[in-house]
Novice: 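Before I ask anything, here is the structure I am working with.
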Amino acid sequence: MFKLQSTKNSGANSWIMQRISGIALVVLMIGHYILMHYHPDSGHTYDAVLGRMQYSWYRIIDLTFLSLGMYHGLNGIWGIFRDYNMKPWLKISVISALVIFGIAFTVWGYSIIFSIPYLKS
Amino acid sequence: MADEYKGIKTFDQKEWVKENLSYKKDSGSWAWIFHRVTGLALIGYLFLHVYSLSTLTSGRTAFETKMQSFLSPPLLALEWFLFIIVLFHSLNGVRIVLVDWADGAKYHKTLYRFSWIIGIILFLLMGYIMFSHEILKFFGK
């Protein structure tokens, strides 16, 4: 019933995507760390967040960062699972759980970013 | 089973943890283990991070009350130590990409050693960035 056609999916696409998203994340992550910590207020006050979020390009970077991080992380977890010999029902369950959790938390993150208002100047 | 192949080490499935631990580990094996552990830690942190920032939707007071609790020195230190995990995963990730795409299999052990050196330098630099405000305040500047 749950027959996965593993021969058709070699995993090459997820392998190359893992490298591309990884390279992007190295840059984004270190930038994020410096930006959030160069001053104690920069990552911990509402005004700082509100100020950054006035720029749409910053929102786009944040959304990209979240999506890429979530994809890279969950694809990584799936990569660990793939090292083990799983029964088809377990494969389906693991993939479903990862996709559901991933989408739920990504949508949650998106909604948080979109909830921050644009100030009218 | 093991007796059937004399002289050849066979895998005893009942003792898989022991078997795995018994392998001789070189820098690459440790990198592989740490890469998994740090990766799992980071995706766990990302989930936690989305959750902890969800107070942004309830406005300024709720957000700043929550953020104040993250500004205590022990938690700030924890955030600094989290950077070790970030750095290991990032630098080892770069090493993996070089192994895959830039013939890095020939120099991956050198890369491993270099990534530790670069990692320690960046860790200390981040420590300065994170605590410079406190350090300058301590000296009355």
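Throughout, a chain's letter reflects where its sequence line sits, starting with A, and its residues are numbered from 1.
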Novice: If we define contacts as heavy-atom pairs under 4.5 Å, which of A:Ile34, A:Ile113, A:Asp47 has the most with chain B?
Specialist: A:Asp47

Novice: I'd like to verify something: which residue of B:Lys66, B:His35, B:Met130 has the highest number of heavy-atom pairs under 4.5 Å with chain A?
Specialist: B:Met130

Novice: Please state whether the side chain, the backbone, both or neither of B:Tyr128 comes within less than 4.5 Å of a heavy atom of chain A.
Specialist: neither

Novice: How long is the span from the CH2 atom in B:Trp80 to the OH atom in A:Tyr33, to the nearest 0.5 Å?
Specialist: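 It is 11.0 Å, given to the nearest 0.5 Å.
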
Novice: Less than 4.5 Å apart, side chain to side chain, heavy atoms only: is that true for B:Arg36 and A:Asp83?
Specialist: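 Counting from C-beta outward, B:Arg36 and A:Asp83 do come under 4.5 Å.
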
Novice: To the nearest 0.5 Å, tell me how far A:Gln18 CD sits from B:Asp100 CG.
Specialist: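 Rounded to the nearest 0.5 Å, the CD-CG separation comes out at 11.5 Å.
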
Novice: Apply side-chain contact (heavy atoms from CB on, under 4.5 Å) to the pair A:Val26 and B:His89, showing each step before the final yes or no.
Specialist: CA-CA 9 Å; A:Val26 170; B:His89 202 83; over 6 Å; no

Novice: Give a yes or no on whether A:Tyr71 atom OH has more than 12 heavy-atom contacts from other residues, nucleotides or ligands under 6.0 Å away.
Specialist: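 Above 12, so yes.
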
Novice: For chain A, find which of B:Val97, B:Leu42, B:Val86, B:Leu46 contributes the most heavy-atom pairs closer than 4.5 angstrom.
Specialist: B:Leu46

Novice: At a heavy-atom separation under 4.5 Å, does B:Phe63 approach chain A through its side chain, its backbone, both, or neither?
Specialist: side chain

Novice: Working note: A:Ile80 + B:Leu40, criterion side-chain contact (heavy atoms from CB on, under 4.5 Å); need CA distance, chi angles, decisive distance, verdict.
Specialist: CA-CA 10 Å; A:Ile80 294 174; B:Leu40 286 171; 4.1 Å; yes

Novice: Using heavy-atom distances under 4.5 Å, tell me whether B:Phe131 contacts chain A through its side chain, its backbone, both, or neither.
Specialist: neither

Novice: Side chain, backbone, both or neither: which part of B:Ile129 has an atom under 4.5 Å from a heavy atom of chain A?
Specialist: both

Novice: Side-chain contact, heavy-atom cut-off 4.5 Å: A:Leu66 with B:Val50?
Specialist: yes

Novice: Are A:His37 and B:Phe83 packed together at the side-chain level, in the sense that at least one heavy-atom pair is separated by less than 4.5 angstrom?
Specialist: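 A:His37 does not reach B:Phe83 side chain to side chain.
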
Novice: Nearest 0.5 Å, what's the CD1-CD1 distance between B:Ile43 and A:Ile77?
Specialist: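 One gets 5.5 Å once the value is rounded to the nearest 0.5 Å.
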
Novice: Please classify the contact between A:Leu74 and chain B as side chain, backbone, both or neither, with a heavy-atom cut-off of under 4.5 Å.
Specialist: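 Both backbone and side chain of A:Leu74 come within 4.5 Å of chain B.
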
Novice: Could you tell me which portion of B:Leu56 (side chain, backbone, both or neither) has an atom closer than 4.5 angstrom to a non-hydrogen atom of chain A?
Specialist: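 Both backbone and side chain.
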
Novice: Step by step, would you call B:Gln68 with A:Thr45 a side-chain contact (heavy atoms from CB on, under 4.5 Å)?
Specialist: CA-CA 9 Å; B:Gln68 275 305 312; A:Thr45 59; 6.0 Å; no

Novice: Tell me, yes or no, whether the heavy-atom count around A:Trp15 atom CH2, taken from other residues, nucleotides or ligands under 6.0 Å, exceeds 12.
Specialist: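 Atom CH2 in A:Trp15 is crowded, with more than 12 foreign heavy atoms closer than 6.0 Å.
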
Novice: Among B:Ser54, B:Gly44, B:Ser132, which residue forms the greatest number of heavy-atom pairs with chain A at distances under 4.5 Å?
Specialist: B:Ser54

Novice: If I measure from the heavy atoms of chain A, does B:Leu125 come under 4.5 Å with its side chain, its backbone, both, or neither?
Specialist: neither

Novice: Could you tell me which portion of A:Met70 (side chain, backbone, both or neither) has an atom closer than 4.5 angstrom to a non-hydrogen atom of chain B?
Specialist: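 Both backbone and side chain of A:Met70 come within 4.5 Å of chain B.
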
Novice: Once you round to the nearest 0.5 Å, how far does OG of B:Ser90 lie from CD1 of A:Ile23?
Specialist: 12.0 Å

